[in-house]
Amino acid sequence: MFSTTTTTTTSNKPHNSTSNNKPRIVILGTGWGGYTLANRLDKNKFDVRVISPANHFLFTPLLPGTAVGTLEFRAIQEPVRTIRGLGEYYQAKARTLDTTSKTITCQDIFKKELFDIQYDFLIIATGNKTNTFNIEGIDSHEGKSVLFLKHLYHARQIRNRILECFERASNPNISVSERQRLLSFIVVGGGPTSCEFTTELYDFIHEDVSKWYPDLKDEIKLTLVEAGSGLLGSFHQSLSEYYLKKLQTRNVDVRLKTAVTGVCDQQFDNTELPFGMMVWSAGLAPVKFVQGSGLSLHKGRIEVDEYLRVPDSKGRIFALGDNAIVNSGELPPTASVAEQQAYYISDCFNNYYYKSIIDNENNDNENNDGTELPLPGMVYMNRGAMAGMGFGGGVMDLTKSDLPVPKITTSGLAAFLQWRSVYLTKQLSYTNMILIPMYWFKQIVFGRDISRF
Ligand code: FAD
Ligand code: NAI
């Protein structure tokens, strides 16, 4: 039978006020995978419940710009509550999974209390977290001078820290060495997150800081550190080289083949780089829930078959996006993959599984593993890759694209215009489709905001 009740472990208040006879789908996460899926599932057929510590969807491609004020935070998020027909949403983290009783234990983000939610079907879309590789000093400085760039609150932390560095450096009682340290910004990792953020920070420094903090501008240092031999490893080599050259001509100190091995409070010799802020985006790692889920993992990601089903879950558990790996393959952890997988799973549930569930209700045997489903497996379509480069620049790589387009690379203004127009048209609400160009216009005409909140 379908789940209709939710039990709580620490409170008498039921977390489930609705009681219906629809199969319950519990979705973990409100990112590209989870939010898209929750939006698309047919709420007339399913009782859709969402659990996530973020009560919004985040449009990650535009996140680096918000960290310096090119865009405002509210313009790149969509509240979960606006999903029409959603059964329930709980602002909480999934903590443990019991596949026998089909129960997820969650922890709310406010009082840290635990509660249980039962599922008929579970979809895991918790994404990944930033990987620190257990490098000494990263965790202890994180949230202060070392910051990540993954969630909206990270962008807010970065923006405040940058402005804190400039305000402190402007104080009359500051020593020269302390001022130089505060004005040194280090970005770690040469992947697209770091590259896009570095160019946004460069624009902010040259367009706004130089206007409002003219005495400081000549002392600012911007360094990008990458352990490998090039930037943007997943892009065509010509674009990686182009990006590197552009950063170098803008006086960004790019240090290739250089790995950060620790963060400490003292400088001992020239192997340490003093900094006022370090932005760390050196790769991805599984979130705690996935790591402790007991499900089979490959490279820290949940193994799924071509239908995105978790093996041995009797077709009850699905995983998609960054936290999933299909047939041990190598689909990249990108928004495009997560979104396409969400489209695929929602279509399967709406059009096929629902009927199959109803037919098999009394056998409790729907969509068993190993069952040949009369469905095609998920096929990923590569739509190319793009990376922004601040105002007026960008790179676009269509060399591996499955779209019927010339297999070319583009850079400069043409790529920038494509990048902005693609991400503008991909917005999920008219509100943001209107707000985003307004903020872009405001930035061009009036500059970025430099207040600390
Ligand atoms: P996410 O979008 O990360 O969502 C995970 C969700 O799970 C979040 O809501 C999170 O709060 C929630 N969650 C975490 N832990 C738990 C838990 N224990 N219980 C419940 N919920 C939990 N990709 C592109 O294709 N193009 C781009 O231009 C691009 N730009 C990017 C820019 C930046 C700055 C970043 C950081 C990433 C970018 N990406 C881009 C990558 C893309 O954002 C990810 O691949 C995509 O977000 C993955 O989607 P997802 O749903 O798997 O995970
Ligand atoms: P990434 O994994 O792509 O890059 C991390 C980089 O950090 C690597 O180049 C690695 O060599 C380097 N690194 C690791 N340890 C280091 C150390 N100790 N010192 C110095 N360098 C170190 O990570 P990123 O950029 O966060 O991207 C994650 C995923 O999100 C990727 O799949 C990417 O494709 C996707 N993404 C896509 C974007 C786009 O298409 N525009 C934008 C941002 C992210």
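Along the sequence shown, the residues carry numbers beginning at 1. Every number for a ligand or one of its atoms is a count from 1 in the order of the listing. Bear in mind that the values here come from a model prediction, so they are computed numbers and not experimental data. Side chains are part of it too, since the values below use all heavy atoms of this structure and drop only hydrogens, waters and symmetry mates.
Among protein heavy atoms, the minimum distance from atom 44 (C) of ligand 1 is reached at Asp322 OD2, 3.5 Å. The closest protein non-hydrogen atom to atom 4 (O) of ligand 1 is Gly31 CA, 3.2 Å. Closest to atom 47 (O) of ligand 1, if we only count protein heavy atoms, is Trp32 CD1, 3.1 Å. Regarding atom 36 (C) of ligand 1, its nearest protein heavy-atom neighbour is Leu149 O, 3.4 Å. With hydrogens left out, the protein atom closest to atom 16 (C) of ligand 1 is Thr126 CG2, 3.6 Å, a heavy atom. For atom 33 (C) of ligand 1, the nearest non-hydrogen atom of the protein is Thr60 O, 3.6 Å. Considering only non-hydrogen protein atoms, atom 22 (C) of ligand 1 sits nearest to Pro53 CD, 3.4 Å.
Set against the non-hydrogen atoms of Gly127, the atoms of ligand 1 under 4.0 Å away are 3 (O), 5 (C), 52 (O), 53 (O). Under a 4.0 Å criterion applied to the non-hydrogen atoms of Phe289, ligand 1 contributes the atoms 18 (N). Within ligand 1, counting atoms from 1 as listed, the ones closer than 4.0 Å to a heavy atom of Ser52 are 9 (O), 11 (O), 12 (C), 20 (C), 21 (N). Listed by number with element, the atoms of ligand 1 under 4.0 Å from a non-hydrogen atom of Tyr423 are 26 (N), 27 (C), 28 (O). Distances below 4.0 Å separate heavy atoms of Ile51 from the following atoms of ligand 1: 20 (C), 21 (N). Near Gly29, the atoms of ligand 1 lying under 4.0 angstrom from a non-hydrogen atom of the residue are 6 (C), 7 (O), 12 (C), 20 (C), 21 (N). Less than 4.0 angstrom separates some heavy atom of Ala125 from each of these atoms of ligand 1: 5 (C), 6 (C), 7 (O). Atoms of ligand 1 lying under 4.0 Å from at least one heavy atom of Gly33, given by number and element, are 50 (P), 51 (O).
In this structure, Asn131 contributes its side chain and Phe133 its backbone to a donor-acceptor pair below 3.5 Å. Formation of a donor-acceptor pair under 3.5 Å by the Thr100 side chain with backbone atoms of Asp98 is not found in this model.
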message: I'd like to know whether Gln427 forms a side-chain contact (heavy atoms from CB on, under 4.5 Å) with Phe59, so could you lay out the CA-CA distance, the side-chain angles of the two residues, the decisive distance to 0.1 Å, and finally the verdict.
response: CA-CA 8 Å; Gln427 290 307 310; Phe59 197 90; 3.6 Å; yes
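Side-chain contact between Gln341 and Val326 is present, with at least one heavy-atom pair separated by less than 4.5 Å.
Cation-pi contact between Arg161 and Phe185: absent, since separation from the ring centre below 6.0 Å together with deviation from the ring axis within 45° is not met. Cation-pi check for Arg316 over Tyr119 is not met; the charged atom does not lie both under 6.0 angstrom from the ring centroid and within 45 degrees of its normal.
Considering backbone and side-chain atoms alike, Thr334 places an N or O below 3.5 Å from some N or O of ligand 1. Geometrically, ligand 1 and Ala335 share a nitrogen or oxygen pair separated by less than 3.5 Å. Ligand 1 has no nitrogen or oxygen under 3.5 angstrom from a nitrogen or oxygen of His56. Annotation: His151 places no N or O atom under 3.5 Å from an N or O atom of ligand 1; distance criterion only. Polar contact check, Pro333 against ligand 1: a nitrogen or oxygen pair lies under 3.5 Å apart. Taking only nitrogen or oxygen atoms, main chain and side chain alike, Lys93 does not reach within less than 3.5 Å of ligand 1.
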For ligand 2, output the ligand-protein N/O contacts shorter than 3.5 angstrom; if there are none, return none.
from     : atom 1 : to     : atom 2 : distance (Å)
ligand 2 : 9 (O)  : Glu226 : OE1    : 2.7
ligand 2 : 9 (O)  : Glu226 : OE2    : 3.1
ligand 2 : 11 (O) : Glu226 : OE2    : 2.7
ligand 2 : 18 (N) : Val260 : O      : 3.1
ligand 2 : 19 (N) : Val260 : N      : 3.0
ligand 2 : 21 (N) : Ala227 : N      : 3.0
ligand 2 : 25 (O) : Pro192 : N      : 3.3
ligand 2 : 25 (O) : Thr193 : N      : 3.0
ligand 2 : 25 (O) : Thr193 : OG1    : 3.2
ligand 2 : 26 (O) : Thr193 : OG1    : 3.0
ligand 2 : 32 (O) : Pro333 : O      : 3.3
ligand 2 : 40 (O) : Met386 : O      : 3.3
ligand 2 : 41 (N) : Glu196 : OE2    : 3.3
ligand 2 : 41 (N) : Met386 : O      : 2.6

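Classification of Arg255 and Glu226 as a salt-bridged pair fails, no side-chain N sitting under 4.0 Å from a carboxylate O. A salt bridge is absent between Glu164 and Lys144; no separation between the charged side-chain nitrogens and carboxylate oxygens falls under 4.0 Å. Taking a cutoff of 4.0 Å between a charged side-chain nitrogen and a carboxylate oxygen, Lys22 and Asp120 do not qualify as a salt bridge. Using a 4.0 Å cut-off between a side-chain N of Lys or Arg and a carboxylate O of Asp or Glu, Asp208 and Arg448 qualify as a salt bridge. Arg24 and Asp47 are joined by a salt bridge, as a carboxylate oxygen and a charged side-chain nitrogen come within less than 4.0 angstrom of each other.
The option from Ala387, Gly34, Ala385, Ala94 that lies nearest to atom 19 (N) of ligand 1, judged by heavy atoms, is Ala94. Nearest-heavy-atom check against atom 29 (C) of ligand 1 across Pro192, Pro61, Ala54 picks out Pro61.
Legend: residues meeting side chain to side chain donor-acceptor pair (under 3.5 Å) with Ser411, ordered by chain and number and at least two apart, are absent. By the side chain to side chain donor-acceptor pair (under 3.5 Å) test, Asn432 is found to be paired with Glu78, residues two or more places apart in sequence or in another chain being considered. Considering only residues two or more places apart in sequence or on other chains, Thr60 meets the side chain to side chain donor-acceptor pair (under 3.5 Å) condition with Trp32.
The aromatic rings of Trp419 and Tyr423 sit perpendicular, their planes meeting at an angle over 60°, well past the 30° parallel limit. By the 30° and 60° cut-offs, the orientation of the rings of Phe121 relative to Phe318 is tilted.
Residues Phe46 and Phe349 place their aromatic rings such that the two centres sit under 6.0 Å apart.
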